[in-house]
Amino acid sequence: MSVKPSAVRTSKVPKVGFVSLGCPKALVDSERIITRLRSEGYQIAPDYDGADVVVVNTCGFLDSAKAESLDAIGEAMAKNGRVIVTGCMGVEEGRIRAEHPGVLAVTGPHQYEQVVNAVHDAVPPLHDPYVDLVPPEGLHLTPRHYAYLKISEGCNNRCSFCIIPSLRGDLASRPANHVMTEAERLVKAGVKELLVISQDTSAYGLDIKYAESPWKGQPLKARFLDLCSALGDLGAWVRLHYVYPYPHVDGVIPLMADGKILPYLDIPFQHASPAVLKAMRRPAHQEKTAARIAAWRNTCPDLAIRSTFIVGFPGETEEDFQFLLQWLKEARINRAGCFKYEPVAGAVANDLPGAVPEEVKEERWHRFMAAQQDVSTELLAEKVGRTIPVLIDEIDDEGAIGRTKWDAPEIDGAVYLDGETGLAPGDIVNVRITASDETDLEGELA
Ligand code: SF4
């Protein structure tokens, strides 16, 4: 499907003209599309008059039916001018566009989702606060000033310890303009920070071949870098989670250096030893990752990296573990969570030889956490004396608690501002950092 840009926002009930040609199967398709549009508050009109957009459900069975379909599209174009074509003739997009180059979108038979999406693009559904239970930005379980933005479902990787692909299927990316529409609504509703999530954020768009969709009058590719750049234009903090160090990730580092997106990468490395990574079947595992991180920091010195690791994976030797500790120090990972390996029912790793005894896992976990604390303490101490923006998360009796650009909510550290009870969650204030420990910072308003 391809769609031409030109969404209109109307304050009246959006009206969709509907022309249905063809057989009973096409009629059923029409009914499904109409039912969905009605449930979203669209008014359906049997003619073109006053319609914000017209959907023509075509037939392509016989040449005569095709000719009739092309005529119907021509009539809708002449009388209304904003036309979405669907149905059997939609498979001949080239022919339709050759005759009617101005159509907004062309979809094939049974592509209900795509037709409805094309209608959304042409004329967004009207939000009625008295009728709709769900606000336009959707329902969120996070505080009002930050929100998670899911860009895809599923995963194409097959890490040996993980069963997510068998539960959620392969990667299924959302069209870029759907992600952007949600993100923009969130920002308009007061969200200050967007947390981009998926199972594999850097693989975004691979499954839909980086399809373009219209955004603000321009085509926007469903590509990691393009999406990051567009999100960076919304004026909110944009934080990237679950990124794998594929080579193209290098491209977002300049966006971070320019302040368009936060200088923060959540990369679940899980390990550093090549042998363990191989047994884990991790994507994008490279022996030179520490050197790459150093290069990223050359471009963006403020880059913070958060990660998770597994110790005690089957076959992990003391040498593998020491390699991990050494790597952790060399890569200067700012924040890290560590898990002792546990088998998950159905995971391939359960059959691997070399199970690590529980007491060894426990001992490695403590050594890992101690090493990580040393790195974190050192990196946080370097922040003392700097004046930095802090996003306030909560206020209690003693003052305000916020976060820096290097800290995600719930998982990373905090900045404590004693006595600042006059601030509100969602405020972004400049703070001079006065003290640090192994996880958190203290500061005062600058
Ligand atoms: S752990 Fe591996 S397989 Fe599981 S969701 Fe993450 S990348 Fe995909």
Side-chain angles (χ1 to χ4, degrees), residues 148-174 179 195-210 222-225 227-228 239-252 264-289 292-293 305-316 320-321 324 327-328 331 333 335-352 354-356 361 364-365 368 408 410-412:
Y148 293 94
L149 182 66
K150 192 174 226 182
I151 61 170
S152 62
E153 253 304 348
C155 182
N156 284 351
N157 304 312
R158 296 293 181 264
C159 302
S160 59
F161 55 84
C162 177
I163 56 162
I164 283 178
S166 60
L167 295 178
R168 302 209 177 150
D170 282 341
L171 180 73
S173 303
R174 297 175 65 196
V179 176
L195 302 136
V196 177
I197 55 161
S198 69
Q199 306 299 335
D200 183 353
T201 295
S202 32
Y204 173 66
L206 189 75
D207 55 309
I208 52 173
K209 301 191 171 56
Y210 311 114
R223 194 185 282 277
F224 176 62
L225 182 58
L227 186 71
C228 289
R239 191 180 297 284
L240 302 180
H241 288 277
Y242 313 117
V243 174
Y244 287 94
Y246 301 121
H248 67 269
V249 171
D250 295 359
V252 297
Y264 180 98
L265 277 177
D266 174 3
I267 307 178
F269 286 112
Q270 309 301 15
H271 214 283
S273 151
V276 178
L277 287 171
K278 193 162 174 235
M280 287 178 165
R281 301 193 196 159
R282 294 294 287 163
H285 74 268
Q286 301 175 350
E287 306 192 5
K288 302 266 183 278
T289 314
R292 264 192 72 220
I293 293 173
I305 297 188
R306 108 98 40 203
S307 191
T308 48
F309 294 88
I310 297 172
V311 292
F313 191 77
E316 182 192 59
D320 290 323
F321 179 68
L324 169 61
W327 184 89
L328 193 70
I333 300 298
R335 307 277 182 186
C338 183
F339 301 93
K340 288 167 265 179
Y341 171 75
E342 272 176 43
V344 174
V348 176
N350 301 353
D351 300 329
L352 289 175
V356 176
K361 285 186 198 168
R364 287 182 187 165
W365 185 86
F368 179 98
E410 320 286 343
I411 50 175
D412 295 329

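Every number for a ligand or one of its atoms is a count from 1 in the order of the listing. Here the structure is a predicted model, which is why all the values come from computation and not from measurement.
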>> Taking a cutoff of less than 4.0 Å between a non-hydrogen atom of the residue and any ligand atom, is Tyr244 in contact with ligand 1?
In response: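 In this structure, Tyr244 qualifies as a contact of ligand 1 - some heavy atom is under 4.0 Å.
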
> Under 4.0 angstrom from ligand 1, any heavy atom of Arg282?
Replying inline: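 Under 4.0 Å: yes for Arg282.
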
> For the atom pair CZ (Arg282) and OH (Tyr244), what is the distance rounded to the nearest 0.5 Å?
Replying inline: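 Output value for this atom pair is 4.0 Å.
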
> Which distance, rounded to the nearest 0.5 Å, do you find between the CG of Asn156 and the CG of Asp200?
Replying inline: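 Between atom CG of Asn156 and atom CG of Asp200 there are 8.0 Å.
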
> What residues form a side chain to side chain contact (heavy atoms under 4.5 Å, CB included) with Arg223, not counting sequence neighbours?
Replying inline: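 In terms of side chain to side chain contact (heavy atoms under 4.5 Å, CB included), with neighbours along the sequence ignored, Arg223 is linked to Tyr210, Lys221, Asp226.
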
> Applying salt bridge (Lys or Arg N to Asp or Glu O under 4.0 Å), which residue pairs with at least one partner in residues 335-350 are found, sequence neighbours left out?
Replying inline: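 Found Arg335-Asp407, Lys340-Glu362.
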
>> So Val179 and Tyr204, do their side chains get closer than 4.5 Å, heavy atoms only?
In response: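 The answer is yes, as the side chains (C-beta and beyond) meet within the 4.5 Å cut-off.
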
>> Restricting to salt bridge (Lys or Arg N to Asp or Glu O under 4.0 Å), what partner residues turn up for Lys150, sequence neighbours left out?
In response: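 Scan of Lys150 (salt bridge (Lys or Arg N to Asp or Glu O under 4.0 Å), adjacent residues dropped) gives Glu153.
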
>> Considering atom 8 (Fe) of ligand 1, could you give the total of protein N/O/S atoms lying closer than 2.8 Å?
In response: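 For atom 8 (Fe) of ligand 1, the figure is 1.
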
> So does Tyr242 have more than 12 non-hydrogen atoms from other groups sitting under 6.0 Å from OH?
Replying inline: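 No, the 6.0 Å shell around OH holds no more than 12 heavy atoms from other groups.
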
